[in-house]
Structure formats: C-alpha cells, structure tokens
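Shown next, in structure tokens, is the structure this report addresses.
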Amino acid sequence: MKIVFMGTPDFAVNPLNALIENGYEVTGVFTQPDKPVGRKAILTPPPVKAVAENAGIPVFQPNSLKDGAGVKILEELNPDIVVVVAYGKILPSDFLHYPKYGCINIHGSILPEYRGAAPIQRCVLNGEKYAGVTSMQMDEGLDTGDMLFVEKTEIGENETSGELFDRLAVMGADLLIKTLKAIENGDVHPKKQDDSKSTYAAMLDKSMCNIDWSNPAAVVHNTIRGLDPWPVAQTTLGGKKLKLFGSRLGCEEGGGKPGEIKLTKNSFSVFCGDGKCVTVNEVQYEGKKRMKALDFFRGYHLEDGTLLQ
RNA sequence: CGCGGAGUAGAGCAGCUUGGUAGCUCGUCGGGCUCAUAACCCGGAGGUCAUGUGGUUCAAAUCCCAUCUCCGCAA
C-alpha cells in the first residue's frame, strides 16, 4: 500500500511516525511552506517536515493544490491512498478522488461535533466531558466525510488543551493504523454524519484571551486550561499583562469581589462572579519569565484590594 | 536595524534617580516551643550584583560604552 501523507503541526507527527514504524511505504509528504516564527522571524519548517526528511521521504510544500497542481505531484508519487492529518488547506475535488482509496482524514473530535480548525481546544473551553478522534473518508466539505472509526476519551477535570492534544495525537496515530488495516482488508463500514448534530470549532485568536472575572469560576477555569498552551488566558495587573497557565477550581466559600486575589501560604487564587475562586498554578508577567504563581507573588508586592481586570 | 521590559544568594524581588557597610519575602541547615504542623520564636550558611582583567572616579550593583541571554507586543 503506497501512502502519501499530508500534515503540518505537532498533532500530525505521531500519525506519520506510526506509518513509518508500521512499515507502510510513504512515498511523499505534503506540508505547509516554512513560516517565519518568533521575535526574530526566523524561517521555521513545520514539525512534520523534519520527521519526513529524517526518514528520507520527499517533502512537498506547494502554496496551492488548485488547478491540478496537487494532482500533478500525485501522478509522480502514485499513492493508493492519501492520509491527511491537520494539513491546513482545502483539497480540491480532483485531488480527493485521484488515489484508488481516496483520501482519509484523522480529526481531533467526535464527529459530527466540533468540525473545523480547533476542535480540541473548543472541547476544553466548553467544559466537555469527552473528546476523541475520528477517521473519515474525505469529501469536498469541511470535515463532512463518512465516518470510519471513532475513539473516545474522558477529559480530565484540570486537563489543558495542550495535554489533551498530546493524548489525542497518540490516539490518532493508533486510529490511523487501525483504519488503514481495515481498508486493506475491505472491512470498513462508512457511516454518514448526522449534519443536524454538527457543530463548528472556529480557530482561536487572541481577542478571546482576556478573562472576564465576572463569569462563574467554572467558566474561568475552562478558559484558562482551554487556552493553554496557546494563545494563553491573560488578565491585567498593575497595568501590565499577566498570563495564566494551569488552574483548578478552588475554595467553595464566597466573599470576594470578582477579580480579587486571595493569596495563601501555598496557593494563588482569584474570586469569580459566582463567589467561588479559581486557583492558578503558573503565571507570566509582561517582560518576565513564566514561573510558579507563588514565586511571582513572593517578589511582587500586592497592595490591599488590588483587582485583576 | 520594528517597539518595549529584564539579568543582584537555590527561587522571586528591592536597591540604581541623588555613586560610599548586600537588603526583603521564601527555601535550606541548626536549635527552641508544641500532642502536632505547611504555624510561631532564635541562630547560621549561601552573592566576583549577566559578561568585558572596558571607560569615568579616591570609590561603581548604582553613571557611560560594547557584547551575550531571557521575556512581552507586533508579524
């Protein structure tokens, strides 16, 4: 079975490695063009590219697959199937139907819920109890193809998007192998998605990072862990930004105004709109390194009544 | 040359403006109190103040210059 793999971020690295380790013949890898990253705007290759090059697999980074450009490459690689994991571009119809078995995709949610760009983070942000990965036979729509297999997992009470991401990446790799084996054996039973139950997980952006302390503690908690490790929840202290990483629901008793800080010997908590508070593990103040919240407040002298905004 | 913050004890900070004895909150070690403790009391160790055998000065953590590193914004 000749395979062409398409993927870009860390999430796609595990599935690609799984293909290689299981002895599949990967004849080519598609990934996004290198992009400038960081303060110095250094041109950085996507994570998938490094893995592919290490394995000696030809890498393609076309800007567009339209107008037959993608198919042209496929003609050379001659795959039986194309595996897509978080590639980041829409595949045109002629591309989708070129390989014998078409294109299959691993998506980071339990379809038809959370179609789209940021399913994992949206699950955490919404306080979902379960997350999962789905393999599907791709069609022209956005994550609308017929479902092949689904794996579910429980989301931890304090689990961050990043942690869930890592777990689902492993599950996604296993699911991919399972799906490929089933296809090879002709043992697949595609299932249509129930479009009426579909939801869309829009991409995250920095405009949603500022915490509204008048929300209930549970909502604030979900926001902090859902935006960790990117783009990171933030609030304002002394006119400067304070990023918050990792949280858990704290004390039950009320008594504080929203945004009021409660420091104890071994915890940093903030009161929310419902009178309960959220305990934050790590913070990063503007111009400072990320550090444990307690370390930060050992050096930052709070005045009474200071509120986070 | 995109804008800005920062490097001082194991951790987090103050001190720099107006040069002149190394300070705070913790941790750590020893002792005390206590049924007990993450609590409290007493005491100790630990720093060439990022680097430059740099400049100014009687004297530099502090003023000037250069370099390195970390971080926020923007992309």
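Keep in mind the model is a prediction, meaning the values are calculated, not measured. Just so we're on the same page: letters track the sequence lines, and every chain starts at 1.
For residues 53-64 of chain A, the side-chain hydrogen bond (donor to acceptor under 3.5 Å, both in side chains) pairs, not counting sequence neighbours, are A/Asp34-A/Gln61, A/Lys49-A/Gln61. Listed by first then second residue, pairs satisfying salt bridge (charged side-chain N to carboxylate O under 4.0 Å, His left out) with a partner in residues 194-211 of chain A read A/Arg115-A/Asp195, not counting sequence neighbours. Counting only residues at least two apart or in different chains, side-chain hydrogen bond (donor to acceptor under 3.5 Å, both in side chains) contacts with residues 231-242 of chain A comprise A/Trp213-A/Thr235. Within the structure, salt bridge (charged side-chain N to carboxylate O under 4.0 Å, His left out) pairs that include any residue of residues 62-86 of chain A do not occur (at least two apart or interchain).
Taking the C1' atom of each, B/G12 and B/G27 are spaced 11 Å apart, rounded to whole Å. Nucleotides B/C1 and B/A14, compared at atom P, are 33 Å apart to the nearest Å. A distance of about 14 Å separates the P atoms of B/C64 and B/A6, rounded to the whole Å. When the C1' atom is used for both B/G4 and B/U8, the distance is 22 Å, rounded to whole Å. B/G7 and B/C49 have their P atoms separated by 14 Å, given to the nearest Å. Comparing the P positions of B/A66 and B/C71 gives a spacing of 23 Å, expressed to the nearest Å. Taking atom P in both B/C24 and B/G44, the straight-line distance is 12 Å, to the nearest Å. For the P atom pair drawn from B/A22 and B/U34, the interatomic distance equals 39 Å after rounding to whole Å.
Taking for each of A/Gly299 and A/Lys240 the nucleotide of RNA chain B with the nearest heavy atom, the 5'-most of the two is the partner of A/Lys240. When the nearest nucleotides of RNA chain B are assigned to A/Phe297 and A/Gln234 by heavy-atom distance, the more 5′-ward of the two goes with A/Phe297.
Residue-level contact check: A/Lys243 touches the backbone only, with heavy atoms under 4.0 Å from sugar-phosphate atoms and none from bases. Using a 4.0 Å heavy-atom cutoff across all strands shown, A/Lys35 reaches no nucleic acid atom at all.
For RNA chain B, the neighbouring residues in residues 281-290 of chain A, judged by any heavy atom under 4.0 Å, are A/Gln284, A/Glu286, A/Gly287, A/Lys288, A/Lys289.
In this structure, the side chains of A/Val83 and A/Pro15 stay at 4.5 Å or more apart for every pair of heavy atoms.
Listed by chain and residue number, A/Arg248 satisfy the side-chain hydrogen bond (donor to acceptor under 3.5 Å, both in side chains) test with A/Asn281 (two or more places apart in sequence, or in another chain). Residues passing the side-chain contact (heavy atoms from CB on, under 4.5 Å) test with A/Thr160, sequence neighbours excluded: A/Glu163, A/Arg225, A/Asp228. For A/Pro47, the side-chain contact (heavy atoms from CB on, under 4.5 Å) partners are A/Asp10, A/Val13, not counting sequence neighbours.
Listed by first residue number, the stems of RNA chain B with at least three Watson-Crick or G-U pairs below 3.5 Å are B:2-7 with B:68-73, B:10-13 with B:23-26, B:28-32 with B:40-44, B:50-52 with B:65-67.
Side-chain contact of A/Thr134 with A/His107: a donor-acceptor pair under 3.5 Å is absent, judged by distance alone.
Few gaps surround NZ on A/Lys89; more than 12 heavy atoms of other groups in view lie less than 6.0 Å from it.
With a heavy-atom cut-off of 4.0 Å to chain A, the contacted part of RNA chain B has its first and last nucleotide at B/G2 to B/A75.
Summarising the hydrophobic clusters (Ile, Leu, Val, Met, Phe, Trp, Tyr; side-chain heavy atoms under 4.5 Å, direct or chained), the residues clustered with A/Tyr114 are none. A/Leu125 belongs to a hydrophobic cluster whose remaining members, ordered by chain and number, are A/Leu204, A/Met208, A/Leu227, A/Trp230; membership requires side-chain heavy atoms of ILVMFWY residues under 4.5 Å apart, directly or through intermediates.
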